[in-house]
Amino acid sequence: MKVLIVDDEEHVREGVELAIDWEAYGIRSILMAEDGVSAMEIVRREDPDLIVCDMSMPRMDGPRFLELLREEGWNAKVIVLSGYQEFRYARATLLASGVDYLLKPFKIDDLDRVVAKAVESIIESRHLQTEDIHKNYRLKEADSLFNEQKMAAFLQAEPIHEEGVLQLLHDVGLTDRPFYTLVYLPINGNHVIERYYLGDESLFQFSVKNVLRDIVLHVGPYYGFSYDSFFVVLLQAELDETELEFYRNRIVEAWEHALRLRTISGASRRPGTAGQLQTSLKTAKSEILNANIFRPGEKAGEPKPFLSFMDHEVLLLEAIRNRDKDRIRQLVRQFADALRSKDVVPVKELQHYSVEANLLFLRIHHQLREQAPLEAMPLWLSDLEEWERTLISMFQSIIDNANEDASTIHTISAVKHYIADHLNEEITLSSLAERFHFSPQYLSKRFKEMYNVTVINFLTHSRMEKAAALLQHTELPVQDIAKTVGYEDDNYFGKVFRKHYGASPTQYRKERK
């Protein structure tokens, strides 16, 4: 916070500065002015939170200065110091959101009291303002999700619900003019959400949209939304093919630089209308399907003959019956290595192997007479390492479901205790699954069944509880507390803490001291 001390007598300004322990109130910057004219210049440049002001000054006196504050809409709290006990000064103070009115000579204790009152009022105003911001954010987030759900329903209708799409586009700021359709398939989206956003997909989506806005806001009206496994950008602008390609690639680069998110992109080369959106999406997706997973920015070229994952059925079934997870891992990795040796694997080819894997799951599930629900391999994976991890974990999940016993419950309990004892370490669902020899899907499902909370939510809740206790009962700096509970970035820690407790770490500490 900043304080501005306004008085035409230098010794008074210095006296006010020395009388108060400003740092104890969170005030780090102390500004000085000798009259109302110079004070207004400082206000416009520095926007101080608190003003301690004399009334009788040359060039511009106190009442005129306070009147200008009100006219220009500045929200600083004001403490008036004056040797003149006149009602017009008190009235000017009130009009300028004044906190108190002290007569010269004043006692230091009295000044300290009104400063404390002013700072308390400033903190309360900020808290209310923050609550309003978060309330508006939650409302916008809910509106955004609702719009995405409506768009998905419109696009899945046959034929497309053109009138609904057009109305939705009007609601988000687009006009009836044609627009370009850009489609982005995340390559490592699950990893980014788990590693850098602790499983908070809504916060991840918020970041994706913020970066997008910075790139295309000046280009023209646009709408970005999630659809199926993709992120779609509708851009309404007069662009030639070179310019369209520039912005398409600029978005890819910005997401990778800011969020570590890698994507494969496709585009409709001609602008289309709301009624043509399904066709535009198919055109862009076909470009993605033909991209090489090893070099997404290049066209795949001539692919080599497909391999057959179904050839491994007998060996995989044998490994599952023997509960041999290492053998499962070995077989899947051998197949993935064979794909790596091809150098050219289009997304559509990897999609073909995902379909084969799902058929294989169905056949094995039937042969084992398994009763547990069967999960399907996602079709729009474009990263071979993620495809490999997902396939291994799904086979391991079949073993876990088929061989559940009392020791499993004990091990899930051990997972909970491990999380509680290692809050300062990097913990993800994948790392826990690997440590305790479960598939991520199985661990997630059984943990939720036993404790009625997801692994990631339990981890976040435990970290926030420990952080709250440290804030309340120690004098550790917020940055050190963030590291103690596993957050290297104290800004991100602050966002998660505020989301959990409705207050920043600093506010939480002050309210409970």
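As the structure is a computational prediction, the values presented were derived from the model and not from experiment.
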- Message: Parallel, tilted or perpendicular, judged at 30° and 60°: which one describes the rings of Tyr508 and Phe497?
- Response: perpendicular
- Side-chain ion pair, Arg329 and Glu388, N-O less than 4.0 Å: no
- Task: Over 60° means perpendicular and under 30° means parallel, so classify the ring planes of Tyr492 and Tyr197, tilted if in between.
- Result: perpendicular
- Item | Salt-bridge contact Arg262-Glu253 (side-chain N to carboxylate O under 4.0 Å) | no
- Message: Could you check whether Glu46 pairs with Lys2 (Lys NZ or Arg NE/NH1/NH2 to Asp/Glu carboxylate O, under 4.0 Å)?
- Response: yes
- Item | Ring-ring centroid check Phe206 Phe204, cutoff 6.0 Å | no
- Could you label the plane-to-plane angle of the Tyr418 and His422 rings as parallel, tilted or perpendicular, counting under 30° as parallel and over 60° as perpendicular? parallel
- Task: For the pair Lys483 and Asp480, find out whether any cationic side-chain nitrogen is under 4.0 Å from an anionic carboxylate oxygen.
- Result: no
- Pair Glu148 + Lys209, salt bridge at N-O below 4.0 Å: yes
- Item | With Phe309, the ring-ring contact (aromatic ring centres under 6.0 Å, His included) member among Phe335, Tyr353, Phe361 | Phe335
- When the ring planes of His500 and His461 are compared, do they come out parallel, tilted or perpendicular, using 30° and 60° as the limits? tilted
- Task: Run the ring-centre check on Tyr180 versus Tyr247 and record whether the distance is less than 6.0 Å.
- Result: no
- Item | Under-4.0 Å salt bridge between Arg333 and Glu385 | no
- Item | Arg463 to Tyr487 six-membered ring, cation-pi geometry met (6.0 Å, 45°) | yes
- Ring centers of Phe179, Tyr222 separated by less than 6.0 Å: no
